[in-house]
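One structure is given here, and the rest of the page talks about it.
Reckoned from all heavy atoms, side chains included, excluding hydrogens, waters and symmetry mates.
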Amino acid sequence: MKTIARIIIAASISFALIGSEAVAAERGRKEYNNGNRQEQPKPQQRPGNNHNSGNNKPGRPGNGNSQRPDNRPGHGNSQRPDNRPGHGNNQRPDNRPGHNHRPPQPPHGHAPHRPHMPGGWTHWRPAPPPPSYRPYAAWPRFSTVLGVRFGTSLALTLNALMSSGYNVVSSHNNTVYLRNVPMLGIYWPEATLCYTGSGRLSGSEFVSYNSYPDHALYNSVYNTLCANYGMPYSTSGMSAAWWGPEGQYIRLNYSSGIGVDGYTRYYTTLNFGIY
């Protein structure tokens, strides 16, 4: 009986020891799970991956901070190049001829007020010479006046004159009025271009005047015309006319008259035209 009792006591002690070791092991596992476990070393980060954020992938040059290089010319800062001519700043070019620099249009529908000219002054046009007349053999043919070709319409003449910088005053009754224009190296205070009934340029007139008798301008222009166009076809007093081939004519005249303002003046007049 004593032997059996000792066996039972020994077994009880063994089970108690086993139970305490199990309790201790369970307590150790709980402590380990509560953060008392030893830190495990972490693998080293790959080079260039310290700021691997913003969907950046390591290894691409310049990558980081969500910036991606753009090597297209002019690209960057949200700017896109526009190579259309004149594009930018909301400006659009207009390449239509004469557009944006259109010369001012002269007043239409009335003749200018010219108080220094006699009232009823009209453009002179000569009677043609007889068919038997033979013009000066070395006559230098002319086809334009003030850079405008004879036969040009009135509208095109106005555009050409103003584009060339001439002082166009107005147009009225198939006549264009100008001031201070050059001809034969002389500036004429008054000038007109005259047109046919169909509106084609056919003649011109240049007028200079003085308040006293002075033949100097007339004599100077007369000598220039004779040197270039030969002797005049006809003369009468201080008036001379030249006729060339194909109906071309020149006329030079000196006369006095009373202006609209009531003052007497002396006028030298030069005409070029094609009959």
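Residue Ile186 holds its CD1 atom at 6.5 Å from OG1 of Thr224, rounded to the nearest 0.5 Å. Rounding to the nearest 0.5 Å gives a distance of 11.5 Å between CG of Asn159 and OG1 of Thr152. To the nearest 0.5 Å, atom OG of residue Ser171 and atom OH of residue Tyr195 are 8.5 Å apart. Arg149 CZ to Ser143 OG: the interatomic distance, rounded to the nearest 0.5 Å, is 4.0 Å. The distance from atom NE2 of His215 to atom CG of Asn210, rounded to the nearest 0.5 Å, is 10.5 Å. Once rounded to the nearest 0.5 Å, the distance linking OG of Ser198 with CG of Leu154 reads 11.0 Å.
Other residues sharing the hydrophobic cluster of Tyr267, ordered by chain and number and joined by side-chain separations under 4.5 Å: Met117, Trp121, Val207, Tyr209. Cluster partners of Val260, using a side-chain heavy-atom cutoff of under 4.5 Å among ILVMFWY residues and allowing indirect links: none.
Between Thr192 and Val176 the shortest side-chain heavy-atom distance does not fall below 4.5 Å. Side-chain contact between Asn167 and Leu178 is absent, with no heavy atoms from C-beta onward closer than 4.5 Å. Annotation: side chain of Tyr249 is not in contact with side chain of Pro135 (no heavy-atom distance under 4.5 Å). In this structure, Met183 and Leu270 have side chains that are in contact, with non-hydrogen atoms separated by less than 4.5 Å. Looking at heavy atoms from C-beta onward, Thr144 lies out of side-chain contact with Phe272 at the 4.5 angstrom threshold. Proximity of Asn271 to Ile250: side-chain heavy atoms (C-beta onward) are nowhere separated by under 4.5 Å. Contact check for Arg200 versus Ser153: side-chain heavy atoms found under the 4.5 Å cut-off. Contact of the Thr269 side chain with the Glu205 side chain is registered, since non-hydrogen atoms from C-beta on lie closer than 4.5 Å.
One N or O on the side chain of Asp214 and one on the backbone of Ala216 form a donor-acceptor pair closer than 3.5 Å. Listed for the Ser220 side chain is no donor-acceptor partner under 3.5 Å among the backbone atoms of Leu217. Judged by distance alone, the side chain of Ser164 and the main-chain N or O of Ala160 form a donor-acceptor pair under 3.5 Å.
For Tyr254, there are no side chain to side chain donor-acceptor pair (under 3.5 Å) partners, not counting sequence neighbours. Residues satisfying the side chain to side chain donor-acceptor pair (under 3.5 Å) criterion with Arg179, sequence neighbours excluded, are Glu190. For Ile258, the side-chain contact (heavy atoms from CB on, under 4.5 Å) test picks out Thr264, with sequence neighbours left out. Take Asn223 and apply the side-chain contact (heavy atoms from CB on, under 4.5 Å) test, not counting sequence neighbours, and it matches no residue. For Asn180, the side-chain contact (heavy atoms from CB on, under 4.5 Å) partners at least two apart in sequence or on another chain are Pro189. Residues satisfying the side chain to side chain donor-acceptor pair (under 3.5 Å) criterion with Trp188, sequence neighbours excluded, are absent altogether. For Pro115, the side-chain contact (heavy atoms from CB on, under 4.5 Å) partners are His113, Asp261, not counting sequence neighbours. Not a single side chain to side chain donor-acceptor pair (under 3.5 Å) links Thr268 to another residue, sequence neighbours left out.
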Would you tabulate the side-chain donor-acceptor contacts of residues 230-243 under 3.5 Å, counting partners in other chains and residues two or more places apart, or write 'none'?
unit_1	atom_1	unit_2	atom_2	d
Ser239	OG	Asn253	OD1	3.2
Trp242	NE1	Gly230	O	2.7

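Neither Tyr263 nor Tyr266 shares a network with the other; the hydrophobic side chains, linked directly or stepwise wherever heavy atoms of I, L, V, M, F, W or Y lie under 4.5 Å apart, form separate groups for each. Note on Tyr187: it does not cluster hydrophobically with Tyr177, by side-chain heavy-atom contacts below 4.5 Å among ILVMFWY residues. No continuous path of ILVMFWY side-chain contacts below 4.5 Å connects Leu156 to Leu193, so the two sit in separate hydrophobic clusters.
The heavy-atom pair separating Phe206 from Ala191 by the smallest distance is CD2-CB, 3.7 Å. Nearest approach of Ser170 to Pro112, heavy atoms of both residues: OG-CD, 3.2 Å. Pairing each heavy atom of Asn174 with each of Gly199, the nearest pair is OD1-CA, 4.4 Å.
Atom CZ of Phe142 has more than 12 heavy atoms from other residues, nucleotides or ligands within 6.0 Å.
Within the structure, side-chain hydrogen bond (donor to acceptor under 3.5 Å, both in side chains) contacts touching residues 128-142 (residues at least two apart or in different chains) are Trp139-Gln248.
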